[in-house]
Colleague: 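Can you read through this structure? Questions will come right after.
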Amino acid sequence: QVQLVESGGGLVQPGGSLRLSCAASGTFFSIGAMGWYRQAPGKERELVASITSDAFTNYADSVKGRFSISRDNAKNTVFLQMNSLKLVDTAVYFCNAILIRRGERQSYWGQGTQVTVSS
């Protein structure tokens, strides 16, 4: 069994900050990549940020300079530091992990955590 446990969502004012975390647990050989996606009402799910096993990062243009993704390899955990939050950042944020299991790369999703930016 593989589980992605997300935490850190909540309600913040514009300009505020939140730090999301996602820990992968279960049986797997290694993590190929981890990332954060978000889905706002009426919009499709989009990639926010990702980080690969060799530490390459990728960000959506809309969050560059404001969000930062990092990882703790020992704890199989990925973080998303969100600063200077805007109203348009309001969405459900989903953790995703590409895990190596039984010699195959498999994609797993967390249940999502709500981030609401409002005054």
Colleague: Scan for salt bridge (Lys or Arg N to Asp or Glu O under 4.0 Å) pairs involving residues 49-65, sequence neighbours excluded, and state none if there are none.
Modeller: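 Qualifying pairs, neighbours excluded: Asp61-Lys64.
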Colleague: Kindly work out whether a path of hydrophobic side-chain contacts (I/L/V/M/F/W/Y, heavy atoms less than 4.5 Å apart) joins Val63 to Val88.
Modeller: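 The answer is no; the residues belong to distinct hydrophobic clusters.
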Colleague: Considering only heavy atoms from C-beta outward, does the side chain of Ser118 approach that of Leu11 to under 4.5 Å?
Modeller: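 In short, these two side chains touch, coming nearer than 4.5 Å.
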Colleague: In Å, rounded to the nearest 0.5 Å, how long is the span from CG of Asn73 to CD1 of Ile51?
Modeller: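 One finds 8.0 Å between CG of Asn73 and CD1 of Ile51.
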Colleague: Could you state the interatomic distance from CZ (Arg105) to CZ (Phe28), rounded to the nearest 0.5 Å?
Modeller: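 If we round to the nearest 0.5 Å, Arg105:CZ and Phe28:CZ are 13.5 Å apart.
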Colleague: Do other residues, nucleotides or ligands put more than 12 heavy atoms under 6.0 Å from Gln39 CD?
Modeller: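 Result for CD/Gln39: enclosed.
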Colleague: Please answer: with hydrophobic residues joined when any side-chain heavy atoms are less than 4.5 Å apart, are Phe67 and Phe79 in the same cluster?
Modeller: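 The answer is no; the residues belong to distinct hydrophobic clusters.
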Colleague: Flag the pair Asp89 / Met82 as yes when at least one side-chain heavy-atom distance between them is below 4.5 Å, and no otherwise.
Modeller: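 Side chain of Asp89 against side chain of Met82, heavy atoms only: no contact under 4.5 Å found.
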Colleague: Ignoring hydrogens, what is the shortest heavy-atom contact between Thr77 and Ser21? Give both atom names and the distance.
Modeller: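 Residues Thr77 and Ser21, closest heavy atoms: CG2-CB, 4.4 Å.
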Colleague: Of all the heavy-atom pairs spanning Met34 and Cys22, show the shortest one and how long it is.
Modeller: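 Residues Met34 and Cys22, closest heavy atoms: CE-O, 3.9 Å.
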Colleague: Return yes if some donor-acceptor pair links the side-chain N/O of Gln114 with the main-chain N/O of Gly9 below 3.5 Å, else return no.
Modeller: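 The answer is no, because no donor-acceptor pair under 3.5 Å joins these two groups.
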Colleague: Does the side chain of Ser25 pick up a donor-acceptor pair with the side chain of Asn76 at under 3.5 Å?
Modeller: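 Not at all, the side chains of Ser25 and Asn76 share no donor-acceptor pair under 3.5 Å.
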Colleague: How far apart are the closest heavy atoms of Ile31 and Ser53, and which atoms are they?
Modeller: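 In terms of heavy atoms, the two residues are closest at O-CB, 3.3 Å.
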Colleague: Quick one, Pro14 and Leu87 - any side-chain contact, counting heavy atoms below 4.5 Å?
Modeller: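 Sidechains of Leu87 and Pro14: in contact.
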Colleague: Is the backbone N or O of Ser84 less than 3.5 Å from a side-chain atom of Arg66, with the two atoms forming a donor-acceptor pair by type?
Modeller: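 Confirmed, Arg66 side chain pairs with Ser84 backbone.
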Colleague: Taking Tyr59 for the side chain and Ile69 for the main chain, is one N or O donor matched with an acceptor at less than 3.5 Å?
Modeller: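 Looks like yes, one N/O pair under 3.5 Å.
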Colleague: Between the side chain of Asn96 and the main-chain N/O of Tyr108, is any donor-acceptor distance below 3.5 Å?
Modeller: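 Checked: pair present.
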Colleague: Using every non-hydrogen atom in the two residues, find where Gly110 and Phe94 come nearest and quote the distance to one decimal.
Modeller: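 Residues Gly110 and Phe94, closest heavy atoms: O-CD2, 3.7 Å.
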Colleague: Which heavy-atom pair separates Leu4 from Ala24 by the least distance, and what is that distance?
Modeller: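 Reported closest heavy-atom pair: CD2-CB, 3.4 Å.
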Colleague: Applying side-chain hydrogen bond (donor to acceptor under 3.5 Å, both in side chains) as the test, list every pair that has at least one member in residues 28-37; sequence neighbours left out.
Modeller: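 Sorted result for residues 28-37: empty, none.
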Colleague: Side chains of Arg38 and Glu46: does their closest heavy-atom pair fall under 4.5 Å?
Modeller: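 They are in side-chain contact.
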Colleague: So do the side chains of Leu20 and Val115 get within less than 4.5 Å of each other, counting heavy atoms only?
Modeller: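 Touching, per the 4.5 Å side-chain cut-off.
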Colleague: Got a donor-acceptor contact below 3.5 angstrom from the Arg101 side chain to the Thr27 backbone?
Modeller: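 The answer is yes, because a donor-acceptor pair under 3.5 Å joins these two groups.
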Colleague: Taking C-beta and beyond as the side chain, do Tyr93 and Glu6 meet within less than 4.5 Å on heavy atoms?
Modeller: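 Heavy-atom side-chain distance check fails, nothing below 4.5 Å.
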Colleague: So which atom in Ala49 and which in Leu80 form the shortest heavy-atom distance, rounded to 0.1 Å?
Modeller: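 Looking at all heavy atoms of both residues, the shortest contact is CB-CD1, 4.1 Å.
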Colleague: Could you tell me whether the side chain of Thr90 and the main chain of Val117 form a donor-acceptor pair under 3.5 Å?
Modeller: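 Judged by distance alone, yes, a pair lies under 3.5 Å.
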Colleague: Whether the side chain of Arg71 engages the backbone of Thr52 through a donor-acceptor N/O pair (distance < 3.5 Å, no angle test) should be reported.
Modeller: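 Pair found, side chain donor or acceptor close to backbone of Thr52.
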